[in-house]
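What you are looking at is a predicted structure, and each value in this text was computed from that prediction instead of being measured.
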Amino acid sequence: MVVLAVILLFILGIAEIFYPEEMWELEHYFDVRGGEPTEFYLLRARITGVISLLISLGITFYFLIDLIF
């Protein structure tokens, strides 16, 4: 179960870094008609993506080290 959560966190992190506009559209699909994200949102989305990616990699390395030792 943890493996699936880490994979999902990794995928969402990558999506937030490279496709923040599309992630905004998915998040606000029913809220806004024809709107666009602000520059602050895009910056925050990319920062959140990097943090998610780092956390997923950290969890992966933790479990790999735990398996080795």
Out of curiosity, does I14 fall in the hydrophobic cluster containing L57 (side-chain heavy atoms, cut-off under 4.5 Å, transitive links)? yes
**Message:** For residues L26 and L12: do they belong to one hydrophobic cluster (side chain heavy atoms under 4.5 Å, members Ile, Leu, Val, Met, Phe, Trp, Tyr)?
**Reply:** yes
Are F18 and L54 co-members of a hydrophobic cluster defined by side-chain heavy atoms under 4.5 Å apart? yes
Nearest heavy-atom contact between G13 and S52 is CA-CB, 3.9 Å
Practice problem: Determine whether I11 and V3 fall in the same hydrophobic cluster, where Ile, Leu, Val, Met, Phe, Trp and Tyr are linked whenever their side-chain heavy atoms lie under 4.5 Å apart. | Solution: yes
Heavy atoms of S56 and V6 approach each other most closely as O-CG1, 3.6 Å
Rounding to 0.5 Å, atoms OG1 (T48) and CG (L43) come to a distance of 9.0 Å
Taken to the nearest 0.5 Å, the spacing of D31 CG from E25 CD works out to 13.0 Å
Sorted by chain and number, sequence neighbours left out, side-chain contact (heavy atoms from CB on, under 4.5 Å) with I17 holds for V50, L53
Q | Within 6.0 angstrom of E36 CD, more than 12 heavy atoms from elsewhere | A | no
- [ ] Go through the steps for F10 and I59 under the test side chain to side chain contact (heavy atoms under 4.5 Å, CB included), then give the verdict.
- [x] CA-CA 11 Å; F10 182 81; I59 292 171; over 6 Å; no
Rounded to the nearest 0.5 angstrom, the NE2-OH distance for H28 and Y41 is 5.0 Å
Quick one: do Y62 and V2 end up in the same hydrophobic cluster if we chain Ile, Leu, Val, Met, Phe, Trp and Tyr together by side-chain heavy atoms under 4.5 Å apart? yes
Between E16 and G49, the two heavy atoms sitting closest are CB-CA, 3.6 Å
